[in-house]
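In what follows, a single structure is set out as structure tokens and then discussed.
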Amino acid sequence: MTTPRLRFAPSPTGYLHLGGARTALFNWLYARRQGGTFILRIEDTDAGRSSDEMVSGILDGLRWLGIDWDEGPEVGGPHAPYFQSQRLDRHRAAARDLVGRGLAYEDEGAIRFRVPAGRTTFVDSVHGPIEFDNEHIESFVILRSDTQPTYHLSVVVDDIDMRVTHVVRGDDHISNTPKQVLLYQALGAAPPAFAHVPLIMGPDKKRLSKRHGATSVMEYEKQGYLPEAMFNFLALLGWGTGSDDEIFTRDELIARFTLLGISGGNAVFNTEKLDWFNHQHLLRLDNDALISRLRGRLAAAGYWRDALDGADRDWFIRVLALLKPRAKTLNAFVEQVSPFFTEPLAYDGGGVKKHLSTAGMQAHVRSLRDAFAALDVWNEATLEQALRALADARGVKAGALIQAARLAATGRMVSPGLFEMLVLLGRDGVLGRLDRMMETVWSAATS
RNA sequence: GCCGGUAUCGUCUAGGGGUCAGGACACGUGGUUCUCAGCCACGGGACCGGGGUUCGAAUCCCCGUACCGGUACCA
């Protein structure tokens with residue numbers, strides 16, 4: 001029994017899209033599960049649409065997801081080259097061989113495969129046995145009149161050369177498969193095992209395309225999704241582990257993966273569920289990991305300072321703890337962390353109207369500021385006690401003062417719990433923010 | 001048109017001749033509460049249709065329908 005060899009063979013269209021990513025992932029999962037080899041082969045025969053840039057876009061996407069390859073671009077391997085455009089001689093030789101043996105023939109300069117009568121069958125790991133009547137298979141071109149091989153010829157030749165044992169690819173290739181099986185037979189090679197995985201559809205059940213927004217995996221990276229969350233989500237889209245668990249690491253997925261578990265129907269890409277997966281993986285990150293994932297984005301926002309990794313680390317971890325239940329993406333963290341790094345530049349208009357324009361609020365806020373300033377100990381309990389006592393004394397609801405203070409602290413109507421936040425903002429930070437709000441909001445009015 | 005594939009809550013799925021058809025996301029209600037999120041509890045929600053086979057069908061078979069894919073000197 002030979003060890004399985006699988007390949008992912010994208011044509012470089014510029015980026016790795018979700019469907020391709022999942023196909024790659026299933027191949028990788030199977031190879032890793034079986035202790036086999038995962039090959040990456042670039043099908044760049046369409047020279048006009050291919051470039052080095054596009055190839056690296058795909059490599060970046062795979063690397064981001066944590067999908068590594070044992071043979072292929074940059075790492076080489078015993079069956080190099082791994083670019084289809086560099087294997088043209090092999091394809092042409094195969095075509096000549098078939099013509100020589102009468103299994104293909106020239107037709108106006110192109111070479112067509114002579115499809116024999118009969119039926120062609122193969123067993124698909126996902127769909128079971130599939131049978132085609134050869135009379136529905138056209139005598140297809142394998143070598144164009146410009147001597148460029150067509151897809152059918154080149155995949156088969158390359159897969160034979162690279163000793164590929166399992167072809168796991170999109171459902172859209174099912175009807176190509178009998179042609180390729182015929183080619184394997186004509187070339188005297190045993191066809192590999194096939195597994196055709198269902199396609200990923202948009203919410204409208206139409207094939208995923210730019211119309212559906214982000215379709216490049218790197219676009220999700222930009223939006224602050226974790227690669228392990230995307231990996232987990234994609235793996236479970238069209239594949240069931242058979243258990244009720246949903247959150248898995250890559251290793252756990254490898255341990256459970258089987259081609260038989262792949263479902264036959266198309267799957268709709270659901271962003272809400274991706275968000276949930278992302279949140280779950282975010283919660284599982286330890287502090288060091290979370291901080292390092294956040295670092296670049298914080299720097300880009302101008303919030304990063306090295307002390308966050310040193311003297312301020314404990315403080316920062318407490319800030320992150322407040323945000324964890326609320327932030328579903330890395331970008332959401334950055335967005336929500338801003339009040340801890342900078343004073344509000346503006347106050348939510350609706351919030352001002354709703355919470356600050358009530359009668360006497362200006363005086364209440366001033367008293368609150370004074371009460372906070374007078375505190376001996378600055379912690380959650382003392383802050384809350386001071387605010388509630390003041391609310392009682394002035395005959396207002398604590399909630400009203402809390403909302404006002406929240407606006408002062410963050411400029412927003414929504415935030416983590418007020419008192420835990422005020423503790424982390426520190427006395428100076430809080431008093432300054434209250435002063436600033438009073439100046440800004442009530443400057444025009446008589447003070 | 002022809003060929004092929006698929007069909008379980010809105011979505012991802014589990015199951016598969018006898019189950020209260022299970023879970024997750026989303027959704028609704030209540031609780032916790034200073035907002036939001038989270039958390040907890042509860043709830044609504046599905047076997048595409050029609051024929052068979054069978055004591056019994058969502059499950060097996062056939063037909064239909066819908067959807068997806070292919071039908072290129074694209075990949």
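The sequence lines fix the lettering, A, B, ..., with proteins before strands; numbering per chain opens at 1.
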Review point. Does the side chain of R412(A) get closer than 4.0 angstrom to OP1 or OP2 of rU35(B) through an N or O atom?
Key: no
Review point. Are H127(A) and rU6(B) close enough that a side-chain N or O sits under 4.0 Å from OP1 or OP2?
Key: yes
Exercise for review: Classify the side chain of N176(A) versus the base of rA75(B) as yes if they form a donor-acceptor pair under 3.5 Å and no if they do not.
Suggested key: yes
Practice item. Carefully, step by step, assess F269(A) and F233(A) under the rule ring-ring contact (aromatic ring centres under 6.0 Å, His included). Key: CA-CA 9 Å; F269(A) 185 87; F233(A) 173 66; 5.2 Å; yes
**Study point:** Distance below 4.0 Å between R388(A) side-chain N/O and rC34(B) OP1 or OP2
**Key:** yes
Exercise for review: Quick one: do Y15(A) and T215(A) satisfy side-chain hydrogen bond (donor to acceptor under 3.5 Å, both in side chains)? Show the steps, please.
Suggested key: CA-CA 9 Å; Y15(A) 60 82; T215(A) 55; 3.2 Å; yes
Exercise for review: Please check if any side-chain donor atom of N331(A) sits under 3.5 Å from a side-chain acceptor atom of Y225(A), or the reverse.
Suggested key: no
Review point. Just checking, R250(A) and F231(A): is the charged tip under 6.0 Å from the six-membered ring centre and within 45° of the axis?
Key: yes
Practice item. For the residue pair H136(A) and D133(A), confirm or rule out a side-chain donor-acceptor distance under 3.5 Å. Key: no
Point to revise | Trace of the side-chain contact (heavy atoms from CB on, under 4.5 Å) decision for L98(A) with I111(A) | key: CA-CA 9 Å; L98(A) 291 177; I111(A) 293 177; over 6 Å; no
Review point. Using the C1' atom in both, what is the distance from rG30(B) to rG15(B), to the nearest Å?
Key: 32 Å
Exercise for review: Searching all strands shown, indicate the nucleotide that pairs with rG49(B) (Watson-Crick or G-U wobble; both distances under 3.5 Å).
Suggested key: rC63(B)
Practice item. Specify the separation, in whole Å, of atom CD1 of I142(A) and atom P of rA72(B). Key: 17 Å
Practice item. Please report, rounded to the nearest Å, how far the C1' atom of rG5(B) is from the NE2 atom of H196(A). Key: 11 Å
Exercise for review: Check whether any side-chain nitrogen or oxygen of S263(A) sits under 4.0 Å from OP1 or OP2 of rU13(B), and answer yes or no.
Suggested key: yes
Point to revise | Under 3.5 Å on both distances, the Watson-Crick or G-U partner of rC73(B) | key: none
Point to revise | Whole-Å gap separating C1' (rA14(B)) and CG (L260(A)) | key: 16 Å
Check your understanding: Roughly how far apart, to the nearest Å, are rG49(B) and rG10(B) at atom P?
Key -> 13 Å
Check your understanding: Any Lys/Arg nitrogen of E252(A) or R256(A) sitting under 4.0 Å from an Asp/Glu carboxylate oxygen of the other?
Key -> no
Review point. Using atom C1' of each nucleotide, how far apart are rG69(B) and rC55(B) to the nearest Å?
Key: 42 Å
Practice item. Decide yes or no, distance alone: a donor-acceptor N/O pair under 3.5 angstrom between the base of rC3(B) and the side-chain of S175(A). Key: no
Check your understanding: How many Å lie between CG on D172(A) and C1' on rG4(B), as a whole number?
Key -> 12 Å
Exercise for review: Indicate whether OP1 or OP2 belonging to rG70(B) is found under 4.0 Å from a side-chain N or O atom of R207(A).
Suggested key: yes
Practice item. Determine the interatomic distance between C1' on rC62(B) and the same-named atom on rG1(B); round to the nearest Å. Key: 23 Å
Review point. Are any of the side-chain nitrogens in R7(A) or D158(A) under 4.0 Å away from the carboxylate oxygens of its partner?
Key: no
Check your understanding: If you measure from the C1' atom in rU33(B) to the same atom in rG38(B), how many Å do you get, rounded?
Key -> 12 Å
Review point. OP1, OP2 of rC67(B) versus side-chain N and O of K206(A): anything below 4.0 Å?
Key: no
Study note, to complete from the structure: Taken to the nearest whole Å, NE2/H136(A) to P/rG5(B) is 12 Å
Review point. Mind checking who rG28(B) pairs with, Watson-Crick or G-U wobble, both distances under 3.5 Å?
Key: rC42(B)
**Study point:** For atom CD1 of I174(A) and atom C1' of rU71(B), their distance in whole Å
**Key:** 14 Å
Review point. Expressed in angstrom and rounded to an integer, what is the separation of N232(A) atom CG from rC12(B) atom P?
Key: 17 Å
Check your understanding: Looking only at atom P, what distance separates rG45(B) and rC40(B), rounded to whole Å?
Key -> 23 Å
Practice item. Report the base-pairing partner of rA58(B) (Watson-Crick or G-U wobble, both distances below 3.5 angstrom), or none. Key: none
**Study point:** Neighbours of RNA chain B within residues 272-286 of chain A, by heavy-atom distance under 4.0 Å
**Key:** E272(A), K273(A), W276(A)
**Study point:** Distance between C1' atoms of rU8(B) and rG22(B) (Å, rounded)
**Key:** 11 Å
Review point. For atom P, what is the distance between rC3(B) and rA46(B), given to the nearest Å?
Key: 36 Å
Review point. Within the structure, does a side-chain N or O atom of K179(A) lie under 4.0 Å from either OP1 or OP2 of rU71(B)?
Key: no
Check your understanding: Side chains of S367(A) and D370(A): do they bring a donor and an acceptor to under 3.5 Å?
Key -> no
